[in-house]
Protein chains: 2
Amino acid sequence: MEREPLHRRIAGDIERRIASGEWRPGFRIPIETELTAEYGCARMTVSRALSDLAARGLIVRRRRAGTVVAHPPVHSSALVSIPDIQAEIEGRGSAYSHRLLARAVRSARDGDSPLGGRVVALETLHLADGLPFALERRLISLDAAPEAETADFETQAPGGWLLAHTPWTEAEHRISAVAADRETAAGLGLALGAACLKLERRTWRDGQGVTWASQTFPGAAYDLVARFSPTKG
Amino acid sequence: MEREPLHRRIAGDIERRIASGEWRPGFRIPIETELTAEYGCARMTVSRALSDLAARGLIVRRRRAGTVVAHPPVHSSALVSIPDIQAEIEGRGSAYSHRLLARAVRSARDGDSPLGGRVVALETLHLADGLPFALERRLISLDAAPEAETADFETQAPGGWLLAHTPWTEAEHRISAVAADRETAAGLGLALGAACLKLERRTWRDGQGVTWASQTFPGAAYDLVARFSPTKG
DNA sequence: GAGTGGTCTAGACCACAAT
DNA sequence: TTGTGGTCTAGACCACTCC
C-alpha cells in the first residue's frame, strides 16, 4: 500500500476545490497557519504544498496579501490560448465584434467525435475592426452544458461563454492548412481556394466531451507563435 | 538589493553545469550530503534545490541509485518536437529519406533574423516512402556551429545534425498557412497556389542565434496535434 | 506596525533499490 | 544490508506590503 505524502494530499485537496469551482479565481484561500491547524502538521508541510501549486500557476501567493486562486486557467503554452479570439484581437488593439450566423439544436452524429446526446450547433463570424477575422463552427454538448440551450450567443461569443460556464480539463488542438471552401470564402471575403489556417479544438471536462470548435483564418492574416525555453518547464 | 535564496543558487549552479555540457545526460551528480557540505547548509535546502530541478525534468532522482542528469532535453509539449521530421515519418511506419537540393555559404542578410555573420544556406526535400513530404529551407549560423561549414548534409539531414552538434536553449515556432509558390509546388508535387502548412522555427543557444528553418508541408497531408491537461503542469 | 509568505536549520524516521 | 532520497517537525528570522 502506497502512502500519499501529506503535502501532496493538501495540494490535491486544494486543487480539487479549485477544479470543482468551489474556490473561484480571486478567492482567498486559508492562510498557512490555518491550514497547519486543519491538517495538524508543521507549517513547512503546508508551505511546500502551496509552493508546488504556485509553481504550477494554480494559485498566486503574496506576502501580507495572502494566497488567492489564480485567475483563469493559466496556460503556459501560447498555443493553448489561441482560441480566445476576442482576447487576441483586443490584445493587438483592435475592436472586437462577432455575428451569430446560424444556430440549431440537434442530435450528435457519428462525426461529432467527443460529443454525444444533443448538441447546440453554432456558426459565428469574428470581426476585428469590423473586418472578418475568423469563421467559427462549434458544437456544444448539452449534457455537459445544459444552459447552452438558452444562452444568448449574440451577446457573448460561444468561446467566452463556455470558458465562464464549463471550464475544460483536457483539450486537443489540431492545426492544418486548408483551401477555402465556398462558405468560408464568402464569410471571410476570400477567393475560393485561398490558403487558410484551420484550428480544430476539442475539449473535455473530466472525461466528458464539452465542445468541438473549428476556426478558420485567412492564411495571409494570421499565424501562431510559440516560444519555448526547455529548461524552464 | 535582492538576495537570491540559497536553494535557487544551488539549483542555478547545477543547471548551468548541465546547460554548459559539463554534466552530460546520465552523469551522476553529487549526493545530497556532499552538496550539503559544499554549500555549508542544511540538507533540506539542497533537497529543495534538487526537487525543483527534478520537477522541471532536468534531473532524475532515485533512492539508492542517486541523482543523474536527465537524458536529452525533455520537451513536454508535442509542438516542440514537430520539426524532427525524420522521427515523425519513421514513427508512423514509413521509410524516411531526404535529398539535399542546394547548399551555399554566404553572409547573413537583414531578413535572417536571429542570425549574423556567415551562414550556411540549405534546401532539403524530405521524403516518406519515397514521396515528397516536406520542403525545408534552413540557415545555420557558422558562429554558433562552425562545423556546419564542412558537415555532410547529404548523409544526415540538417535538423538531426544540428540537434546532435548544437542543441538549442530557446526556440520560437511560427505556424501559418500559405499558398504554394512555384518552387514549393514543384518540390512537393502540388498545384501552384495549393494550401500548405508552413512551420518556421528559430532557435537560440544562450542568446546566440543558431538556426532558422522553414518547413512547408502539403496542407492535405499534414496537421499538428497538441493535447493538454492544464492541471498537469 | 503587524500579518503574511519565504527561507532556513538540525535534527528524525521511513521507503526504496542496488548490492 | 546499506546507501540514497522523501518526508516531516518545531522551531527561527527575515522580507515584503497592506493598513
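What you see below is based on every heavy atom in this structure, not just the backbone, and it leaves out hydrogens, waters and symmetry mates. Convention: sequence-line order gives letters A, B, ...; per-chain numbering from 1.
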- Task: Mind listing the closest non-hydrogen atom pair of B:Val210 and B:Trp204 along with its distance?
- Result: CG2-C, 3.9 Å

- Query: Which residues pass the side-chain hydrogen bond (donor to acceptor under 3.5 Å, both in side chains) test with B:Arg63, sequence neighbours left out?
  - Reply: none

- At their closest point, which heavy atom of B:Ala49 faces which heavy atom of B:His7, and how far apart are they? CB-O, 3.2 Å

- Message: I want to check one thing: is the phosphate of C:dC16, taken as OP1 and OP2, less than 4.0 Å away from some side-chain N or O of B:Arg61?
- Response: no

- Message: The criterion is side-chain hydrogen bond (donor to acceptor under 3.5 Å, both in side chains); which residues satisfy it with A:Asp143, sequence neighbours excluded?
- Response: none

- Item | Residues in side-chain hydrogen bond (donor to acceptor under 3.5 Å, both in side chains) contact with B:Ser141, at least two apart in sequence or another chain | none

- Taken in chain and number order and not counting sequence neighbours, the residues that satisfy side-chain contact (heavy atoms from CB on, under 4.5 Å) with B:Arg118 are B:Val105, B:Ser107, B:Leu142, B:Glu149

Using a cut-off of under 3.5 Å, enumerate the N/O to N/O pairs linking the protein to nucleotides 17-19 of chain C.
unit_1 : atom_1 : unit_2  : atom_2 : d
C:dA18 : OP1    : B:Arg62 : NH1    : 3.4

- Rounded interatomic separation in angstrom, taking CD from A:Glu34 and C1' from C:dG5: 14 Å

- Message: Under the rule for side-chain contact (heavy atoms from CB on, under 4.5 Å), what residues qualify as partners of B:Phe27, not counting sequence neighbours?
- Response: B:Trp23, B:Ile29, B:Val69

- Query: Side-chain N or O of A:Arg28 less than 4.0 angstrom from OP1 or OP2 on C:dT4?
  - Reply: yes

- Message: Which residues pass the side-chain contact (heavy atoms from CB on, under 4.5 Å) test with A:Leu125, not counting sequence neighbours?
- Response: A:Arg99, A:Leu101, A:Leu127, A:Pro132, A:Leu135, A:Leu188

- Task: Give the rounded distance in Å between these two atoms: CZ of B:Arg48 and C1' of D:dC8.
- Result: 15 Å

- Query: Expressed in angstrom and rounded to an integer, what is the separation of A:Asp52 atom CG from C:dG6 atom P?
  - Reply: 12 Å

- Query: Who are the side-chain contact (heavy atoms from CB on, under 4.5 Å) partners of B:Ser47, not counting sequence neighbours?
  - Reply: B:Glu32, B:Ser51, B:Arg61

- Task: Report the distance from atom CG of B:Leu35 to atom P of D:dG3, rounded to the nearest whole Å.
- Result: 18 Å

- Query: Taking atom P of C:dG6 as reference, at what distance in whole Å does atom CD1 of B:Ile10 sit?
  - Reply: 18 Å

- Query: Within this structure, what is the CD-to-P distance between A:Glu32 and C:dG6, rounded to whole angstrom?
  - Reply: 7 Å

- Item | Near-strand residues of residues 37-46 of chain A, defined as heavy-atom separation under 4.0 angstrom from DNA chain C | A:Arg43, A:Met44

- Spacing between A:Ile59 atom CD1 and C:dT4 atom P, to the nearest angstrom: 15 Å

- Message: Classify A:Thr67 by what it touches in the nucleic acid, base, sugar-phosphate, or nothing, heavy-atom distance under 4.0 Å.
- Response: sugar-phosphate

